[in-house]
Amino acid sequence: MPEITYQGKTYPCAPNETVLDTLLRHGIEVPNSCRAGSCHTCMLHCLSGELTAPSQKDLKPALKSLKYFLACQCVPPQDLVVALPDDEDVYVSARLVEKTQLSPSVWRFRLETAVPVYYHAGQFLNLKNDAGWVRSYSLASLPAEDESLELHVRRMPGGQMSHWLIDNFSVGMHIEIEGPNGHCIYTEGEPERPLLMIGTGTGLAPLFGILRDALHQGHTGPIHLYHGVREPAELYLHDSLTALAQQHDNLHYHACYSCGETCSGMRAGRAADLALAEHPDLKAWRIFLCGAPEMVKQTRMKAYLAGVAMSDISADAFTAPEH
């Protein structure tokens, strides 16, 4: 079986085992999150050996040529010598220019970079701090309208990175970013097509960018955005989205909460349940799902059964808890 050499030590692979699983099985901690090839936090540098095509899927051409690869997608055909990425190849430095608390548990971070970062609304970045912690956060900003990169961070119970960002990352400090990554974006060409967006928690962040991108590009079809949280106080962009919906007749904003007392302008119930109950026939729709992985998984299947082609369902769910 192939062997993986990392930091001067060699580890044997089990049959059909990925590089990431091999290293983790031997107690080697390397950054990782989704383990599905989406987040890119497990990217490694191949110093020797041949890589498989799936291990380099969606990487930038420059990174492919330098033999970077996704460890979670690489079942090695032969021995490999690997290393952590060279920061100069992968990351750029970003400076925090604004930090604002939006709800009891959510903060907005705005970053600026010395060199332009080209992205589509709805994509995500990987943030890396000086301790080497890497975490994926979706972009809420719209490149056509916003000068800075906007991220929404929720304080996660036991979450190292979210606690560090909220408690220790201050305006003027720098952090390394990689990306943008992801395919959960608005695509032009069908301006009359109805759009259904369902997000929970800070899954609202990419949807906020996507719906503004759709409106910016002149989308005329109905856009229904369902944002679900546990308690009304966590509907952290409620006023902004309410105002935006008042400005655009085709935008319908549904603020949903699962616990707490009845609140005017908000709806009791789970966002996905309400959305699917009110739109039982989704054959002509395009769907965007962001937030809790289990919600994304279940709603994707229910939307498919309601008539949506899988190719018309966009989602970037991060399936591993923050560590």
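A donor-acceptor pair under 3.5 Å links the side-chain atoms of Lys99 to the main chain of Ile166, judged by distance alone. Looking at Lys283, its side chain never comes within 3.5 Å of a backbone N or O of Ala309 through a donor-acceptor pair. Using a distance-only test at 3.5 Å, with no hydrogens or angles considered, a donor-acceptor pair links the side chain of Gln101 to the main chain of Ser103. A donor-acceptor pair is defined here as one N or O able to donate and one able to accept, closer than 3.5 Å; no such pair exists between the side chain of His227 and the backbone of Ala255. Although no hydrogens or angles enter the test, the distance criterion places a donor-acceptor pair under 3.5 Å between the side chain of Arg212 and the main chain of Ala140. Judged by distance alone, with hydrogens and angles left aside, the side-chain atoms of Asp146 form no donor-acceptor pair with the main-chain N or O of Ser148 at under 3.5 Å. The closest donor-acceptor contact from the side chain of Ser55 to the backbone of Leu51 lies at 3.5 Å or more, if one exists at all. Panel note: side chain Thr200, backbone Ala292; a donor-acceptor pair is recorded below 3.5 Å. The main-chain N or O of Gly37 is never found under 3.5 Å from a side-chain atom of Lys57 such that the two would form a donor-acceptor pair. Of the possible donor and acceptor atoms, one in the side chain of Gln123 sits under 3.5 Å from a partner among the backbone N and O of Gly182.
Arg110 has no carboxylate O lying under 4.0 Å from a charged side-chain N of Glu147, or vice versa, which leaves the two without a salt bridge.
When Val106, Leu165, Leu127 are each tested for a side chain to side chain contact (heavy atoms under 4.5 Å, CB included) with Val153, only one passes: Leu165. The only option from Glu231, Arg155, Glu234 that meets the side-chain hydrogen bond (donor to acceptor under 3.5 Å, both in side chains) definition with Ser105 turns out to be Glu234.
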(request) Would you sort out whether Met197 and Ile210 count as a side chain to side chain contact (heavy atoms under 4.5 Å, CB included), showing the intermediate values? (result) CA-CA 9 Å; Met197 303 179 177; Ile210 293 167; 3.6 Å; yes
(message) I'd like to know whether Lys128 forms a salt bridge (charged side-chain N to carboxylate O under 4.0 Å, His left out) with Glu178, so could you lay out the CA-CA distance, the side-chain angles of the two residues, the decisive distance to 0.1 Å, and finally the verdict.
(response) CA-CA 8 Å; Lys128 179 181 179 182; Glu178 183 274 328; over 6 Å; no
(request) Please assess Asn16 against Met1 for the test side chain to side chain contact (heavy atoms under 4.5 Å, CB included), listing each intermediate value before the final yes or no. (result) CA-CA 9 Å; Asn16 298 315; Met1 298 303 296; over 6 Å; no
(request) Begin from the C-alpha positions of Tyr91 and Ile177 and carry the test side chain to side chain contact (heavy atoms under 4.5 Å, CB included) through to its verdict. (result) CA-CA 5 Å; Tyr91 291 92; Ile177 63 172; 5.5 Å; no
(request) Please assess Trp164 against Trp133 for the test side chain to side chain contact (heavy atoms under 4.5 Å, CB included), listing each intermediate value before the final yes or no. (result) CA-CA 10 Å; Trp164 181 85; Trp133 303 338; 3.8 Å; yes
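Neither side chain, Arg154 nor Ser162, offers a donor N or O lying under 3.5 Å from an acceptor on the other. There is a side-chain donor-acceptor pair under 3.5 Å between Asn181 and His40. Between the side chains of Thr41 and Ser33, no donor N or O sits under 3.5 Å from an acceptor N or O. If you check the side chains of Glu192 and Thr220, you find no donor sitting under 3.5 Å from an acceptor.
One distance of note links CG of Leu20 with CG of Asn32; it measures 5.0 Å at 0.5 Å rounding. Here the SG atom belonging to Cys290 is positioned 4.0 Å from the CG atom belonging to Leu207, to the nearest 0.5 angstrom. If you take CG on Leu241 and CG on Leu204, they are separated by 6.0 Å, rounding to the nearest 0.5 Å. Here CD of Glu150 is found 9.0 Å from OG1 of Thr100. Values are rounded to the nearest 0.5 Å. Note that the NZ atom of Lys302 and the CG atom of Leu305 stand 9.5 Å from one another [nearest 0.5 Å]. With rounding to the nearest 0.5 Å, the separation of CG in Leu63 from CG in Asp58 is 12.0 Å.
Residue pairs meeting the side chain to side chain donor-acceptor pair (under 3.5 Å) criterion with at least one member in residues 68-86, sequence neighbours excluded, are Tyr68-Asp89.
Taking a 6.0 Å sphere around CZ of Arg270, one finds it holds 12 or fewer heavy atoms contributed by other residues, nucleotides or ligands. Open room surrounds CZ on Arg230; 12 or fewer heavy atoms of other groups in view lie less than 6.0 Å from it. In this structure, Asp130 places its CG atom where only 12 or fewer heavy-atom neighbours from other residues, nucleotides or ligands lie under 6.0 Å away. Around atom CG of Asn168, more than 12 heavy atoms belonging to other residues, nucleotides or ligands sit under 6.0 Å away.
Using cut-offs of 30° and 60° for the angle between ring planes, the His238 and Tyr253 rings count as tilted.
Listed by chain and number, the residues in a side-chain contact (heavy atoms from CB on, under 4.5 Å) with Leu47 are His45, Val81, Ala83 (sequence neighbours excluded).
Aromatic ring centres of His152 and Trp107: separated by at least 6.0 Å. Under the 6.0 Å cut-off for aromatic ring centres, Tyr186 and His120 do not qualify, their centroids lying 6.0 Å or more apart. A distance below 6.0 Å separates the ring centres of His254 and His224.
What you find for Tyr119 and Ser141 is that their closest heavy atoms are OH-OG, 3.0 Å.
When the side chains of ILVMFWY residues are joined at heavy-atom separations under 4.5 Å, either directly or via intervening members, Trp285 and Leu215 end up in two distinct hydrophobic clusters.
A cation-pi arrangement is not found for Arg300 relative to Tyr304, the charged atom failing to lie both closer than 6.0 Å to the ring centre and inside a 45° cone about the ring normal.
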